[in-house]
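Lettering of chains follows the sequences in order, A, B, ..., and the numbering in each one begins at 1.
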Amino acid sequence: DAGVTQSPTHLIKTRGQQVTLRCSPKSGHDTVSWYQQALGQGPQFIFQYYEEEERQRGNFPDRFSGHQFPNYSSELNVNALLLGDSALYLCASSFTLYNEQFFGPGTRLTVL
Amino acid sequence: EDQVTQSPEALRLQEGESSSLNCSYTVSGLRGLFWYRQDPGKGPEFLFTLYSAGEEKEKERLKATLTKKESFLHITAPKPEDSATYLCAVQKAGANNLFFGTGTRLTVIP
């Protein structure tokens, strides 16, 4: 039973560039949430997708956008990258909106 | 304002030395409290969900408890492989997201 997968594992970008991160949920899950984790901090909620719609959003600017596909996989897009966007980006999946969330290994984004 | 505070920030234990980690929370309308374990550079691994005060759950050397204001993660006779950061998160009623604390970094020395 495949767990949550994310790609790429690591990414290095420069300020002002755009980035796309990808996530495939655990088998049987239909809801995907994205979190940003800075070093030494707990994950912070970015947004959540269910039935291909954004259902809830955290306190992140519009530079952060996402998408969910019919197969439940998801993308996180970040435009106009800032140095402060450097973090571990985590995808979590669940079966419907309110159940336990299972996390992927994350994508380490470094912005230079 | 919603708040999740974990203590201590870091804890060093000798192998076999039992202890507890604390997660205190202030949130209006708690739906559930979650414990995760996170190894360096990896994603959090789900451990437990607690829904109501008085509830307890166990898994191997770990036991989680919940009151109306805090949760404890008890570690009995820890082993070096229990070394990790333990994260606590709350989910409000009617909300879908998890709100995390900053974690407790546990080191178990052989």
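Note: B:A95 leads B:G103, B:A95, B:C88, B:A89 in heavy-atom pairs under 4.5 Å with chain A. Between chain B and the residues A:R108, A:Q37, A:Q41, the largest count of heavy-atom pairs under 4.5 Å involves A:Q37.
A:V4 and A:L21 fall into different hydrophobic clusters, defined by Ile, Leu, Val, Met, Phe, Trp and Tyr side-chain heavy atoms under 4.5 Å apart, directly or through other members. Linking ILVMFWY residues whenever their side-chain heavy atoms come closer than 4.5 Å, directly or via other members, leaves A:Y89 and B:Y36 in distinct clusters.
If you measure heavy-atom distances from A:Q44 to chain B, you find no contacts under 4.5 Å at all. Contacts between B:Y51 and chain A at a heavy-atom distance below 4.5 Å involve the side chain alone, from C-beta outward. Interface remark: A:F47 contributes no atoms to any contact with chain B (heavy atom separation under 4.5 Å). Residue B:Q38 touches chain A through its side chain alone, counting heavy-atom pairs closer than 4.5 Å.
With respect to A:Q101, the side-chain contact (heavy atoms from CB on, under 4.5 Å) criterion is satisfied by exactly one of B:T49, B:L98, B:N96: B:L98.
Contact record, B:L87 with A:G42: CD2-CA, 4.3 Å, taken as the closest heavy-atom pair. Shortest non-hydrogen contact noted between A:N99 and B:R31 is N-NH2, 4.5 Å.
Within 6.0 Å of atom CZ in A:F45, more than 12 heavy atoms from other residues, nucleotides or ligands are found, so the atom counts as buried in its surroundings. In the displayed structure, A:R15 atom CZ is contacted under 6.0 Å by at most 12 heavy atoms of other residues, nucleotides or ligands. Other residues, nucleotides and ligands place more than 12 heavy atoms under 6.0 Å from the CZ atom of A:R63. Counting heavy atoms of neighbouring residues, nucleotides and ligands inside a 6.0 Å radius, atom NZ of B:K42 does not exceed 12 of them. No more than 12 heavy atoms of other residues, nucleotides or ligands sit less than 6.0 Å from atom CG of A:N59.
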